[in-house]
There are 2 protein chains.
Amino acid sequence: MSSDDVTGQAADGPRRRDATATRQALLLAARARFTQLGYDRTTLRDVAADAGVNLALIKRYFGSKEGLFKAALASTPRFLGREGEFPRDRAALAEALSRQLAAGAWAEFGEHPVLMLLRDSGDEQVAELRRQALAEFGRQVLEASGASSAPDAELRAELLVALGVGVAVVRSAVGLRPLADATPEDLLGPLHDIVEGLLKPPPD
Amino acid sequence: MSSDDVTGQAADGPRRRDATATRQALLLAARARFTQLGYDRTTLRDVAADAGVNLALIKRYFGSKEGLFKAALASTPRFLGREGEFPRDRAALAEALSRQLAAGAWAEFGEHPVLMLLRDSGDEQVAELRRQALAEFGRQVLEASGASSAPDAELRAELLVALGVGVAVVRSAVGLRPLADATPEDLLGPLHDIVEGLLKPPPD
DNA sequence: CCACCAAGTAATCATGCGTTGACATGGTCC
DNA sequence: GGACCATGTCAACGCATGATTACTTGGTGG
């Protein structure tokens, strides 16, 4: 069923009374479950089992399932670019996009963080978080596009966001081929054409 | 909570012993719930209530929740173009895409059918269904693109599929603005640029 | 009119899951 | 060494939900 371990944890020696390590283990397991299974199909019992930790500790450290979800969300790496080194021109943007979109396996847990945002908990607060995260992404894209003067520049930037979401979903959740198997190099050309076509300044 | 009626049904006069009408009412209600809430958050009791029908009838007509989901899926209109009139050139494709992507409200139930495909039941059979539906969409796009001779034509077509998925998700599930509020006219220009940029034949 | 069967109803079962509180344990500081 | 608190354990509760069963209703054909 869905109770197979997913993180490869729990084999560690007995983590003895280390609150921080326990928290981390729970977060790691939770991220894996939430991104792969979604909120509803993730059970606290499975998360606890993955982390090799007692179920009740989830309540202790995160209060509730919602709390765990939000904490896991907060501990998730950002979508594009590391802090402060966001691409500054269209070519670099296309490259960064292709790299990230192609990285079907995120460094820490084999899934794309965007997915976790989509596997929502039904909580409006989380929905707002997600909206903000994607809006922020859109803003960065807009900036990288050279803040095109087109009246619909914002819309165009968000279309690129939508593309990112779609590619992440199709690659990780749907497994559509050949997209799911494409390497960064495969994606670079097509993505460049999209970015170029979408963000080029209006002829005017 | 999530038990508010969503279809506006149930106010009809007492549907008296009409198996067909009962089935239809259930399908309609199920589609609405499944697309808006996803598989897990959709409860059979709510579906039955929306349809104004007894809970046990779901078992009678569809066997199980899975059965209902698959039936609802099968009763869902296709994504792009009506039977046989799929766009045949890039311009028409861009237009059809924009129309469909912009139609946040699908004719029959206020949601996009792609979403239902994404709100999976965890069932592998459904996942396969979804993959096939999207692959078919990709094939149609490929064809409409003039079957570009580029070696990565297939990949490019699937990127357009991913865009469709992403836009549907962002519009309906995320509510990112201004994308979520964009009208077909708003989307036409940008989408045209994307389609043009992505599907134009290679310079060779 | 009666028998029969599809259509519909009501009540209940079984189970998984989030949550909770009472208890055990070990390390640390006086 | 003993008190004390953070850490971790155990067992259970309550609830929502999918499934199921026994029963009722009504219309239709003979």
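These numbers were taken from a predicted model, which means no experiment stands behind them. The analysis underlying the following values was restricted to heavy atoms, covering all of them including side chains, and did not include hydrogens, waters or symmetry mates.
- Rounding to whole angstrom units, OH of residue Y39(B) and P of dT17(D) are separated by 14 Å.
- Rounded to whole Å, the distance from CG on L44(A) to C1' on dA12(D) is 16 Å.
- Rounded to whole Å, the distance from CZ on R23(A) to P on dA6(D) is 15 Å.
- If you check dA19(D), dC10(D), dG8(C) against the side chain of N54(A), the one that comes closest is dC10(D).
- Look at T22(B) and you'll find a side-chain N or O under 4.0 angstrom from OP1 or OP2 of dG8(C).
- When atom types are taken as modelled, the side chain of R31(A) and the backbone of S75(A) share a donor-acceptor pair closer than 3.5 angstrom.
- For dG18(C), its base sits under 3.5 Å from the side chain of R45(A) at one donor and acceptor pair at least.
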Could you pull out every donor-acceptor pair under 3.5 Å between side chains of residues 56-64 of chain B and any protein atom, sequence neighbours left out?
residue : atom : partner : partner atom : Å
S64(B)  : OG   : E66(B)  : N            : 3.4
S64(B)  : OG   : G67(B)  : N            : 3.2

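- Between the CG atom of L57(A) and the P atom of dT25(C) there is a distance of 16 Å, given to the nearest Å.
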Which protein N or O atoms sit under 3.5 Å from an N or O of nucleotides 20-23 of chain C?
residue : atom : partner : partner atom : Å
dT20(C) : OP2  : K59(A)  : NZ           : 3.0

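- Legend: residues meeting salt bridge (charged side-chain N to carboxylate O under 4.0 Å, His left out) with D186(A), ordered by chain and number and at least two apart, are absent.
- Distance, K65(B) NZ to dT15(C) P: 18 Å, rounded to whole Å.
- Summarising the geometry, the separation between CG on D40(A) and C1' on dA16(D) is reported as 13 Å, rounded to the nearest angstrom.
- A donor-acceptor pair under 3.5 Å is absent between the side-chain atoms of K70(B) and the main chain of K65(B), judged by distance alone.
- In this entry the distance linking CG of D18(B) with P of dG8(C) reads 7 Å, nearest Å.
- Applying the side-chain hydrogen bond (donor to acceptor under 3.5 Å, both in side chains) rule to R131(A) yields the partners E124(A), E128(A); only residues at least two apart in sequence or on another chain are considered.
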Distance-only criterion, 3.5 Å: show the donor-acceptor pairs between side-chain atoms of residues 162-170 of chain A and protein atoms not counting sequence neighbours.
none

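- Computed from coordinates, the Y61(B) OH to dT9(C) C1' distance equals 12 Å when rounded to whole Å.
- R177(A) meets the salt bridge (charged side-chain N to carboxylate O under 4.0 Å, His left out) test with D181(A); sequence neighbours excluded.
- Here T20(A) lies out of heavy-atom contact (under 4.0 Å) with every strand.
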